Amino acid sequence: MWIDTHCHLDAAEFDADRDAVRQAARVAGVTRCVIPAVHAAHWPQVAQLAERHGDAYALGIHPLYVPQAQQADVLALDRALTERRDDPRLVAVGEIGLDFFVPELCTPPMRERQWFFYTAQLKLAQKHGLPVILHVRRSADLLLKGLRQCPVVSGIAHAFNGSTQQAEAFVDLGFVLGFGGTLTYERSLQLRRLASEVPLSALVLETDAPDIPPQWLYQTAEQRALGVPQGRNSPAELPRIAQVLAGLRGLSLADLAAATRANAQRALPQLAAA
Ligand SMILES: [Zn+2]
């Protein structure tokens, strides 16, 4: 019934119980997860996980891994995309993008380095006819500039948290916007407004697990100091996140499920084929 369009099932947080996590999500109604890669060493693993669980995957270099990435990784990505061209589970290049939130990534040389890996991977997406999964953090305008210089077929602006104008610009370029745990917080006023105002055709759902715990899993600093562990986000949370979004938009869960599923399949066409 549900597609989690962004789930890091390969993350170390799931090492102890990965299969059980995926099974729990299936029981909760999450039929498909999209597993984006964060760096070259994980490309084989995300492909294997997708195969094992009937899911989908993307290959790319995440901006947070740009400091360690090598130029040779771009050539390796080109080769991997070529080798896997007939794999129906490969749905995008990702996770790629720009992060101007993390201070170490904001120095001029690091901004340049991020731009190099972002645009190099956009060119590969274009060359291989693949959509992209974008990491957008204080970087929407530059990401859009890159997409205008190097258009790709479609994609997802994941964990989108920008302005209405930026949302419209992504939609104009064939993108959909990923919404997840952040909108479960009542204080996320601007994001909640955006999620209720953008066209239904622009929405996809995601958990970004194990990151971005929804409000019901979040522990405050005081609670953590008392020894209450921070809740681990997982793809099984997707239906409850969807419930919040359905409430914000005054939609039935069934209608939201149908629309977000169709949107995900439009943004990542291989999802429909696999
Ligand atoms: Zn991610």
Side-chain angles (χ1 to χ4, degrees), residues 6-15 35-43 45-46 57-78 80 92-125 132-150 155-163 166 170 175 177-182 185 187-188 190-191 206-213 217-221 224-225 229-233:
H6 201 104
C7 173
H8 293 282
L9 259 190
D10 58 320
E13 283 88 338
F14 297 125
D15 279 354
I35 313 166
V38 293
H39 61 95
H42 274 209
W43 296 342
Q45 198 193 353
V46 296
Y57 68 97
L59 298 182
I61 302 158
H62 189 293
L64 295 183
Y65 289 83
V66 156
Q68 300 99 293
Q70 307 293 322
Q71 292 209 8
D73 293 338
V74 175
L75 298 174
L77 182 57
D78 192 13
V93 171
E95 176 174 354
I96 69 171
L98 299 167
D99 191 307
F100 299 134
F101 174 76
V102 176
E104 306 86 84
L105 293 177
C106 294
T107 61
M110 214 38 99
R111 290 177 78 101
E112 203 172 305
R113 197 175 165 87
Q114 286 200 65
W115 181 254
F116 167 79
F117 280 96
Y118 171 51
T119 53
Q121 293 184 95
L122 276 185
K123 284 176 202 147
L124 290 182
V132 296
I133 297 174
L134 289 184
H135 174 96
V136 192
R137 202 149 59 148
R138 299 199 180 163
S139 57
D141 291 335
L142 264 187
L143 290 171
L144 289 162
K145 181 182 169 188
L147 287 171
R148 289 192 184 101
Q149 289 173 2
C150 183
I156 298 176
H158 129 76
F160 186 78
N161 201 353
S163 69
Q166 288 165 338
F170 277 110
F175 278 64
L177 312 169
F179 288 93
T182 309
Y185 294 84
R187 64 168 189 273
S188 300
Q190 201 195 322
L191 185 71
E206 60 173 54
T207 61
D208 201 20
D211 300 325
I212 320 190
L217 290 178
Y218 179 77
Q219 304 295 344
T220 62
R224 276 176 273 150
Q230 185 61 277
R232 182 186 62 172
N233 193 14

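Quantities reported herein were computed from a predicted structural model and do not represent experimental measurements. Just so you know, these numbers use all the heavy atoms, side chains as well, and skip hydrogens, waters and symmetry mates.
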Minimum side-chain heavy-atom gap [X]-[Y] below 4.5 Å:
| X | Y | result |
| --- | --- | --- |
| Thr182 | Ser188 | yes |
| Phe116 | Val74 | yes |
| Leu134 | Leu147 | yes |
| Leu122 | Val132 | yes |
| Leu64 | Val38 | no |
| Phe170 | Leu177 | yes |
| Tyr57 | Pro36 | no |

- Could you tell me whether Glu112 atom CD has more than 12 heavy atoms of other residues or ligands within 6.0 Å of it? no
- Query: Is atom CZ of Phe100 surrounded by more than 12 heavy atoms (other residues, nucleotides or ligands) closer than 6.0 Å?
  - Reply: yes
About how many Å separate [atom2] of [Y] and [atom1] of [X], when rounded to the nearest 0.5 Å?
| X | Y | atom1 | atom2 | result |
| --- | --- | --- | --- | --- |
| Arg111 | Tyr118 | CZ | OH | 14.0 Å |
| Arg138 | Asp99 | CZ | CG | 9.0 Å |
| Gln114 | Leu142 | CD | CG | 9.5 Å |
| Thr207 | Ile212 | OG1 | CD1 | 8.5 Å |
| Ile133 | Leu59 | CD1 | CG | 10.0 Å |
| Asp73 | His39 | CG | NE2 | 10.0 Å |

Expected output: side-chain [X] to main-chain [Y] donor-acceptor under 3.5 Å:
| X | Y | result |
| --- | --- | --- |
| Thr107 | Met110 | yes |
| Gln121 | Ile96 | no |
| Ser139 | Arg137 | yes |
| Glu104 | Val102 | no |
| Arg224 | Gln219 | yes |
| Trp43 | Gly60 | yes |

Return the minimal non-hydrogen interatomic distance between [X] and [Y], and the atom names on each side.
| X | Y | value |
| --- | --- | --- |
| Gln190 | Gly162 | NE2-O, 3.8 Å |
| Trp115 | Gln149 | CZ2-OE1, 3.8 Å |
| Gly178 | Ile156 | N-CG2, 4.1 Å |
| Asn233 | Asp208 | ND2-C, 4.4 Å |

- Centroid-to-centroid, His62 to His135, below 6.0 Å? yes
- Item | Between His8 and Glu95: side-chain donor-acceptor atoms closer than 3.5 Å | yes
- Query: Using the ring of each side chain (for Trp, its six-membered ring), is Tyr218 parallel, tilted or perpendicular to Tyr185, with breaks at 30° and 60°?
  - Reply: perpendicular
